[in-house]
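Take a look at the structure below.
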There are 2 protein chains.
Amino acid sequence: MKIGELSKTSGCSIQTIRYYERQGLLSDPERSEGNFRLYSNKALKELEFVKHCRSLDISLDDIKRLIELKNKPEESCSSVNELIKQQLNLVNKRMKELKALKNELQHMASTCNSDNTIEGCGIIKSLDS
Amino acid sequence: MKIGELSKTSGCSIQTIRYYERQGLLSDPERSEGNFRLYSNKALKELEFVKHCRSLDISLDDIKRLIELKNKPEESCSSVNELIKQQLNLVNKRMKELKALKNELQHMASTCNSDNTIEGCGIIKSLDS
DNA sequence: ATAAACCCTATAGTAACTATAGGGTCAAGT
DNA sequence: ACTTGACCCTATAGTTACTATAGGGTTTAT
């Protein structure tokens, strides 16, 4: 299939597919006479792997590492585990930050009695302090 | 005070202060004979306002809007309220995404029995599906 | 007089894309 | 045969909020 079809099937934009290829996350596709990229089902699976990793917010660099690991099936999977754990730590850290942030925003929003002027606005006051 | 002192007092890097100035978030400071930026306490407060907004992950564009609103003390504060509510929505949305993400990562991590090879690794398997 | 510590502008780099310019390919219709 | 439209190509610039660098000037202390 050509890139347009791969794009529709996978849900990744054409630009993104080409970008992943340049970053070395997808193997170089065959080319047609007219230099169009031609993809197999295997290529679709590669792309879906990347997409799944991205949906977990794994960085492109880490995905590259995972792909390399995937290609060494006999090695220990402890490094894979390590990478996932780190990703989990990152997510936990972000969640904590977001919670704190949510609390302050909620509190701020509650101090705004909408029929007020900016001069007396509780939100601006708390941002100012 | 000069930019180095403002940087230490505020906790923003010198580069960031100059960046905020270029983006129009801080008023243009006085300059010394030798063209060094000179800041007053008012400037420090401006910077702290920006910093506080940033700690709530409000975008520079939205901070600019808040500053403009701040300078119209007699207007209604409903637009301020609106902006904060939108920010809260954004944060809530991100939290939901993060929770889903955390769940999948946790589940994946639990399928890895560390003494395995990559070939039999539950993590790689679930990323592949 | 000179060295260290500070400041200046302008520009490039970061992550993970998205968008654009300026072109080539291919199949269908006239 | 020719043109139209849908598709493809590469290379480059833009996005956000910074950070880092190059290549200089200023101030202060010795």
Side-chain angles (χ1 to χ4, degrees), chain A residues 1-26 28-39 43 46-47 49-67 83 86-87 90-91 93-94 97-98 101, chain B residues 1-26 28-39 43 46-67 83 86-87 90-91 93-94 97 101:
Chain A
M1 68 185 118
K2 279 181 289 179
I3 199 167
E5 198 185 334
L6 182 66
S7 167
K8 264 169 208 151
T9 316
S10 66
C12 291
S13 80
I14 290 177
Q15 308 288 358
T16 299
I17 295 170
R18 292 201 276 241
Y19 175 69
Y20 287 165
E21 182 187 325
R22 274 202 306 284
Q23 300 311 114
L25 297 170
L26 304 174
D28 287 353
E30 308 273 304
R31 297 287 184 136
S32 74
E33 292 260 310
N35 200 32
F36 289 10
R37 286 172 179 80
L38 296 177
Y39 295 98
E46 278 180 24
L47 180 55
F49 181 85
V50 174
K51 209 191 162 195
H52 193 172
C53 291
R54 284 299 299 140
S55 80
L56 295 167
D57 221 13
I58 297 174
S59 72
L60 297 192
D61 271 4
D62 279 348
I63 297 175
K64 224 168 168 176
R65 260 164 236 137
L66 282 174
I67 292 171
L83 202 153
Q86 274 175 26
Q87 189 65 22
L90 194 74
V91 167
K93 202 181 131 210
R94 277 207 215 123
E97 287 165 7
L98 271 188
L101 217 144
Chain B
M1 67 185 117
K2 280 181 288 179
I3 200 167
E5 199 185 332
L6 182 67
S7 168
K8 266 169 208 154
T9 317
S10 65
C12 292
S13 80
I14 291 177
Q15 309 288 359
T16 300
I17 296 170
R18 291 200 276 241
Y19 175 69
Y20 286 165
E21 182 188 324
R22 274 202 307 283
Q23 301 309 113
L25 297 169
L26 304 174
D28 286 352
E30 309 274 305
R31 296 287 183 137
S32 73
E33 291 260 310
N35 199 32
F36 288 11
R37 286 172 178 80
L38 296 176
Y39 295 99
E46 278 180 25
L47 180 54
E48 279 170 343
F49 181 87
V50 174
K51 210 191 162 195
H52 194 172
C53 291
R54 283 300 297 139
S55 79
L56 295 167
D57 221 12
I58 297 172
S59 72
L60 296 191
D61 271 4
D62 279 348
I63 297 175
K64 222 167 170 176
R65 260 165 236 137
L66 281 174
I67 292 171
L83 202 151
Q86 274 174 26
Q87 189 65 21
L90 197 73
V91 167
K93 203 181 131 212
R94 277 206 215 123
E97 287 166 7
L101 218 143

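Each chain gets a letter, A, B and so on, in the order the sequences are listed, and its residues count up from 1. As a basis for the values below, the full set of heavy atoms in this structure was taken, side chains included, without hydrogen atoms, waters or symmetry mates.
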Interatomic distance, B:Leu47 CG vs D:dC18 P [rounded to whole Å]: 11 Å

Selection from D:dT10, C:dG24, C:dC8 that lies nearest to any side-chain heavy atom of A:Phe36: C:dG24

Side-chain N or O of B:Arg18 closer than 4.0 Å to phosphate OP1/OP2 of C:dA10: no

Whole angstrom value for the distance that separates C1' of C:dA15 from OH of A:Tyr19: 6 Å

Backbone N/O of B:Cys12 and side chain of B:Lys51: donor-acceptor pair under 3.5 Å: no

Along DNA chain C (nearest heavy atom to each residue), the more 5'-positioned of A:Gly34 and B:Gly34: B:Gly34

Nearest-angstrom distance from the residue atom CG of A:Asn35 to P of C:dC26: 10 Å

Residue mapping more 5' on DNA chain D - nearest nucleotide basis, B:Glu33 or B:Ser59: B:Ser59

Validation row: A:Leu66, A:Phe49 side chains within 4.5 angstrom (heavy atoms): yes

B:Tyr20 OH - D:dC18 P separation (whole Å): 4 Å

Atom-pair distance (CG on B:Asp62; P on D:dT16), nearest Å: 11 Å

Length of the line joining B:Asp28:CG and C:dC8:C1', which is rounded to integer Å: 15 Å

B:Lys64 and B:Asp61 ion-paired at < 4.0 Å: no

Nearest listed nucleotide, side chain of A:Arg54, among C:dC17, D:dC9, C:dT9: C:dC17

Distance in angstrom units between A:Asp61 CG and C:dC17 P, rounded: 12 Å

Per A:Arg37 side chain, nearest of listed nucleotides C:dT18, D:dT27, D:dT10: D:dT10

A:Ile14 side chain, from C-beta outward: closest of D:dC8, D:dA17, D:dT27: D:dC8

A:Thr9 side chain near A:Glu5 side chain, heavy-atom distance below 4.5 Å: yes

Closest nucleotide among D:dC9, C:dT18, D:dT27 to the A:Gln15 side chain: C:dT18

Side-chain donor/acceptor of B:Gln23 to backbone N/O of B:Leu60, under 3.5 Å: no

N or O in side chain of A:Thr16 less than 4.0 angstrom from C:dT18 OP1/OP2: yes

For atom CE of B:Met1 and atom P of D:dT27, their distance in whole Å: 19 Å

Residue mapping more 5' on DNA chain D - nearest nucleotide basis, A:Tyr39 or A:Arg22: A:Tyr39

Closest nucleotide among C:dT18, D:dT19, C:dC8 to the B:Ser13 side chain: D:dT19

